[in-house]
Protein chains: 4
Amino acid sequence: MPSATPKNPDVSRRSAHSRTAILRASVELVGEVGYPRLTIEAIAARAGVGKQTIYRWWPSKAAVLLEAFTDLVHSEEHGSGLPDTGDLEADLKAVLRATADEFSDAGFEAPYRALAVASAADPELAEQFAVRLREPGRKLYAERLRAAQRAGQIDPAVDPDLAVELLLGPFQQRWLNRTGPLTHAFTDGLVELVLRALTPRSAAD
Amino acid sequence: MPSATPKNPDVSRRSAHSRTAILRASVELVGEVGYPRLTIEAIAARAGVGKQTIYRWWPSKAAVLLEAFTDLVHSEEHGSGLPDTGDLEADLKAVLRATADEFSDAGFEAPYRALAVASAADPELAEQFAVRLREPGRKLYAERLRAAQRAGQIDPAVDPDLAVELLLGPFQQRWLNRTGPLTHAFTDGLVELVLRALTPRSAAD
Amino acid sequence: MPSATPKNPDVSRRSAHSRTAILRASVELVGEVGYPRLTIEAIAARAGVGKQTIYRWWPSKAAVLLEAFTDLVHSEEHGSGLPDTGDLEADLKAVLRATADEFSDAGFEAPYRALAVASAADPELAEQFAVRLREPGRKLYAERLRAAQRAGQIDPAVDPDLAVELLLGPFQQRWLNRTGPLTHAFTDGLVELVLRALTPRSAAD
Amino acid sequence: MPSATPKNPDVSRRSAHSRTAILRASVELVGEVGYPRLTIEAIAARAGVGKQTIYRWWPSKAAVLLEAFTDLVHSEEHGSGLPDTGDLEADLKAVLRATADEFSDAGFEAPYRALAVASAADPELAEQFAVRLREPGRKLYAERLRAAQRAGQIDPAVDPDLAVELLLGPFQQRWLNRTGPLTHAFTDGLVELVLRALTPRSAAD
DNA sequence: TTTTAACCGAGACGGTACGTCTCGTCTTCTT
DNA sequence: AAGAAGACGAGACGTACCGTCTCGGTTAAAA
């Protein structure tokens, strides 16, 4: 066998400059032409890079975009947890309002939507997408709810993970389907409604 | 308008036979190769039809698939409304279980997911998708909830449309992201949790 | 056999108006876009005629053009023979000059060239082209030469048909290949040279 | 210039193997199906080559065929000049007989006729056709005649270029129009007749 | 210090599908 | 029955990208 094509490239010799240019170009382009018309050739051209340099390090244009977007998000992230002022409702409302604002920003929306869409179609990418972007956020909510549960603000019988789905599902669905605008009124109302489901029942069952 | 190309074809002379063959072929193919590898050429070939006959009547492969799937769904539909036995929880659980089963069926899942994905990326298609497939179902839920509200089973302060989002959002999100299996346990739990949010509060605020 | 497609159409019911419109449109179009880009569809559209009306009466676009051009030529033709003033050289020079002028006219050149080209590629059309357009002209020359031969101005050993080829071959070749301009100097020189070949030899062989 | 598409490809990296396969395939195919039914797709398929590889290097199927045929002819050519035994008539007869035989060979005839026809319709191609195939041959004749003129076998007043037209025009016209067979009798007769036009006149004018 | 091995920019290559164009046939309705 | 209109199956057009594969050219570690 003369050549084993997928010969692992040597990471230590990787050109950081090329990598950055590629990631930047892909985010720019997805904003300009949209995901379906985003092509590897265009990314390479815009980045001033050979196509092979992309194929060497990423398996698909979705993977490029995922990494580009992950970098972008991590670079402007505080990392901590959700605020815990003791007032669960206020905390959730604040965070969900902020999230809604973020999802309304065009620069964020285009690549994130592209990744969400691609993930829905490609389970392998979905895995990466979940691990790198969706899960971290989801876990913060789950932990905050668990804290509230320990504080007796949430019925001990409720599964916090399901509760997070109850909160984020409607939000994401509305965003993805453009069923309606992500106003603060919406997010506030959503929080209120969800909390009604989570509060401990006053008396006996 | 720069191009005169889309000169309206004469609908009355449209070949019903070709139309059927195209719709059937597209559903078959999307099940076999998946949406991204579904091509107009393959549909035409499978249907025994010229490509132009597809381009004449549909603007995109997504539109073909939407029509194909709409036809399919309508042909096997009862049309009535959601059951109303008076027991809201039982009714919702039954319907959501049935929906979960439907979404677990491979023949249904492939084209529906393809359409959902394409819709998320293409607002124009999304409009059609919503009108033809999503809204009709959503409205049935909304009506059932309104009936329950009139019967005093749901807090009059709750917006039934938001309530539907609360019920279907987590369901669809879990399905689209493959976050977990659509078991009956999941749907039952979801219904229970949602109803806790909807029930009238026993005493004062 | 359910249907014999080439069912002879009934000539007596043919629409003279459509025929004229088709012929006129084809000559116009060949002048505008050239023969290779001349399409049946365009002819039909320009003539305000169904495509089938063309296919019913002509086997190919070349045939349409041939008929169109034949009509055109015959309508403006005197029909007589070549002039015979007794001065063979003067007569031939005059006729060849006139022919050169005709071939330099754009309105004549485009369709005639188109037909000549198509004929070279399609023997069946070539037959029609020869019978209807080339032969009549050629025969006039042959007769004039035969008259001159009878008058002793041409060597009796020379085959008049070959002589015509000697005269017209260089002319047509130059025109077809655009090897050079069809000036009067050229045609005069050609006539003189050819006549040198045809004159009876003064003395013994 | 509206389009930047024809960005010059890098000739040094051109695949000689593909080029050969394309040229071979085009000659084969033009012999099998004729020029009008020769398609770029078929050439690409037969050559085992992507269509783009053809479009990258040639502007049209005619250009492909011209290069193919040029290669073919040059590969089996001696290149020298016309024979000069001192006997002009014998030399010309021999060469014209050989040419007639060549033009009667099916393998030669199909592509050459295709090119001649395409040239008559397309001046740009005609230029290439003339430079690469027609002119070289024509020049050999012109030189031979000039030699004969210097030797006093041809009237010094005769233009050798016109004389070549007189010789080759009838030949090519007969071949192109299929007016008659290219027999040795024909070519011999043609040579004799032409020489009568070229011989110096014995006495005064 | 020289060699050597990888990455890199560049882009030609064999392919697939695109959306358009025209072909010649067919069907429907009008005259 | 001919004709205007145009939908249809077919298939080539020329373009855009795909992912793979050479090409020199530049680095950086190994010899």
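In what follows, chains carry the letters A, B, and so on, assigned in the order in which the sequence lines appear, proteins first and then strands, with residues in each chain numbered from 1. In what follows, every heavy atom counts, from backbone to side chain, and hydrogens, waters and symmetry copies are set aside.
- Contact annotation: Trp57(C) side-chain N/O to dA2(F) OP1/OP2 distance is not under 4.0 Å.
- The side chain of Pro9(D) has dA12(E) as its nearest neighbour among dA1(F), dT27(F), dA12(E).
- In this structure, Lys51(A) contributes its side chain and Ile43(A) its backbone to no donor-acceptor pair below 3.5 Å.
- DNA chain E is contacted by Thr39(C), Ile40(C), Glu41(C) of residues 19-47 of chain C, taking any non-hydrogen atom closer than 4.0 Å.
- Which of dG14(E), dC8(F), dC8(E) sits closest to the side chain of Arg14(A) comes down to dC8(E).
- Dashed line: the shortest gap from a side-chain N or O of Thr53(A) to OP1 or OP2 of dC7(E) is not under 4.0 Å.
- The distance between the ring centers of Tyr112(B) and Phe129(B) falls below 6.0 angstrom.
- Residue Ile54(B) contributes atom CD1, which lies 13 Å from atom C1' of dC18(E) at whole-angstrom precision.
- Atom pair Arg13(B):CZ and dC26(E):C1' shows a separation of 9 Å (rounding to whole Å applied).
- Taking all atoms of both residues into account, the shortest heavy-atom contact from Leu65(A) to Pro111(A) is CD2-O, 4.3 Å.
- Listed candidates were dC7(E), dG19(E), dA12(E). Nearest to the side chain of Tyr55(B) is dG19(E).
- A close approach under 4.0 Å does not occur between any side-chain nitrogen or oxygen of Trp58(D) and OP1 or OP2 of dG14(F).
- At a cut-off of 3.5 angstrom, counting only N and O atoms as typed in the model, there is a donor on one side and an acceptor on the other between the side-chain of Lys51(D) and the base of dG14(F).
- Partners of Thr20(D) by side chain to side chain contact (heavy atoms under 4.5 Å, CB included), not counting sequence neighbours: none found.
- Remark: Arg14(D) qualifies as a cation-pi partner of Trp57(D) under the 6.0 Å distance and 45° angle criteria applied to the six-membered ring.
- No N or O donor and acceptor, one from the side chain of Arg56(C) and one from the base of dA2(F), sit under 3.5 Å apart.
- Here Ser18(C) reaches the OP1 or OP2 of dA4(F): one of its side-chain N or O atoms lies under 4.0 Å away.
- Evaluation of atom-type donor-acceptor distances gives a pair under 3.5 Å for the side chain of Gln52(A) against the base of dC21(F).
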